[in-house]
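The shown structure was predicted, so the numbers you read here are calculated from the model rather than taken from an experiment. Numbering of ligands and ligand atoms starts at 1, following listing order.
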Amino acid sequence: MDTILIKDMLALDADSRSVVVRGWVRTKRDSKNLVFLEVNDGSCFRSIQLAFDRTKGLSADTEAALERAATGSSVEATGSLVSSPAAGQSVEVAAAGLSVIGDAPAESYPLQKKKHSFEFLREIGHLRARTNTFGAVARVRSRLSFSIHEFFQKRNFQYLHTPLITASDAEGAGAMFQVTTLDLDALAKAGKPVDYSKDFFGKRSYLTVSGQLEAETYATALSRVYTFGPTFRAENSNTTRHLAEFWMVEPEVAFARLEDNMALAEDFLKHLFSCALADCREDLEFFDARIQNGIIANLESVVASKFAHMTYTDAVKELEKSAGAFEFKPYWGCDLQSEHEKFLTEKVAGGPVIVTDYPKEIKSFYMKLNDDGKTVRAMDVLVPRLGEIIGGSEREEHLDLLRTRLAELGLKEEDYWWYLDLRRFGTVPHSGFGLGLERLILYVTGMANIRDVIPYPRAVGQAEF
Ligand code: ATP
Ligand code: MN
């Protein structure tokens, strides 16, 4: 007797073979001589239908199990795979036996067969993967993660693990979480000052906000590397696009210029969209029908067209023409707000747009200065609905220019001694970018809130589960 996942079962011919179905009951319909159970095991979007025919004689145990098999209960059923008269499925199981493995009492199981709000489902994060939406998000997330590795591995990038704990606050990409083993309560009670030389690492340490600086050290040895792992930012803003813990992908490429970096980012996103379209079809069809109408056609058209390019200076000119439409008035030198980013991609470009050459004042110290002395070779990839999905740059490879930038920003050279060494020994032009995995999933699924595309979101005031 085959014990296979429902995904594989649904792809078989209705050849009356014996099957064992294991999963969780979604619905039960009892109509006199026939009882139907929809059973889902999360292996794919669809459930399999089990039809129990009383006229064929069901055992007393099976009758008792049918009585208990409520929404959410786990079951094991045996039967044979037959063609289904019901619409939308080619096969179903003519079921003979059923046992309930674990009950889910209707009066206490929170996930009854009705539409629950995403807010409510966040409160039962440990159960929400059993819903259509969160099952689909989890599968898309898994597939895209695999596709990320696939893309880089095929292009001879080495997968690099950068540290999650860092003892320098030199990364400069956002507010950091401190890591300590000092008993701060006890020190406070005793009225003693905090002495970080007594801390675990002998100095203050933090959770990483980016693996980029370390990735640069390996890119200037292995040529092409990428990181893919958790990243932490103490973002104190309550937006639908920011998490305190998120997964970031950061390729870093030696000998690559900004133009190469832009092309890599575009190829990368298109590869990921194509994979989702090809391999997550059922899940995307659900998102298209229920979450964001037209998402499939949109992804298809993005894959087929070229991303627009625009300099920051031109972007600001476009924004100034419609300045009245914004809460924050745009001007040359301003950090682009999310409303500006959305306008550029939705109204000006009508699709993804790569904005380049930002003023040095609003970008990080390591970005390569342009000849104008005012702008840096930065690039942000903006997409409709979200704004920034990728941020990257060509890195400054000249020691003297990098030191000048550190000095201008009041940053201490000794904090960057190893980073500066890369420019002292065998320096090369190099570039890279960061993609937030959750932003990617938001874009592909059409989900509206970043807290709904990671299993257990970490945000201000939120660390349950
Ligand atoms: P934003 O301006 O949107 O806050 P950022 O410019 O601070 O982003 P980068 O430092 O460029 O972000 O990080 C690279 C990528 O990581 C971003 O393009 C985005 O996809 C993702 N990202 C950044 N911060 C977060 C966050 N708090 N939660 C989820 N993803 C994030
Ligand atoms: Mn950015």
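- Any N or O atom pair closer than 3.5 Å counts here, and Arg233 shares at least one such pair with ligand 1.
- Checked against the 6.0 Å centroid threshold, His340 and Phe328 do not count as a close aromatic pair.
- By the criterion of a heavy-atom distance under 4.0 Å, the side chain of Met248, and not its backbone, is placed next to ligand 1.
- Which of His242, Glu388, Arg241, Gln337 comes nearest to atom 5 (P) of ligand 1 through a heavy atom is settled by distance: it is Glu388.
- For Ile450, the closest heavy-atom approach to ligand 1 falls below 4.0 Å.
- Not a single heavy atom of Glu250 lies less than 4.0 angstrom from ligand 1.
- To the nearest 0.5 Å, the span separating CD on Glu394 from CZ on Phe433 amounts to 14.5 Å.
- Side chain of Ser117 to backbone of Phe120: a donor-acceptor contact under 3.5 angstrom is found.
- A cation-pi arrangement is present between Arg423 and Tyr419 under the rule of less than 6.0 angstrom and at most 45 degrees off the ring axis.
- For Phe232 and Phe177, the gap between ring centers reaches or exceeds 6.0 Å.
- Contact atoms of ligand 1 toward Ile390: 18 (O) (distance under 4.0 Å to a heavy atom of the residue).
- Using cut-offs of 30° and 60° for the angle between ring planes, the Tyr226 and Phe157 rings count as perpendicular.
- Between Phe255 and His430, a ring centre-to-centre spacing not shorter than 6.0 Å is recorded.
- The aromatic ring centroids of Phe326 and Phe343 lie less than 6.0 Å from each other.
- Figure legend: cation-pi geometry between Lys363 and Tyr358, with NZ or CZ positioned under 6.0 Å from the six-membered ring centre and within 45° of its axis.
- Only protein N, O or S atoms were scored, and 1 of them lie under 2.8 Å from the Mn ion (ligand 2).
- Relative ring orientation between His271 and Phe151 is described as tilted, the plane-to-plane angle lying within the 30° to 60° band.
- Not a single N or O atom of Phe246, backbone or side chain, sits closer than 3.5 Å to an N or O atom of ligand 1.
- Contacts between Arg439 and ligand 1 below 4.0 angstrom, taking non-hydrogen atoms only, involve the side chain exclusively.
- Only backbone heavy atoms of Ile389 (N, CA, C or O) come within less than 4.0 Å of ligand 1; its side chain stays farther off.
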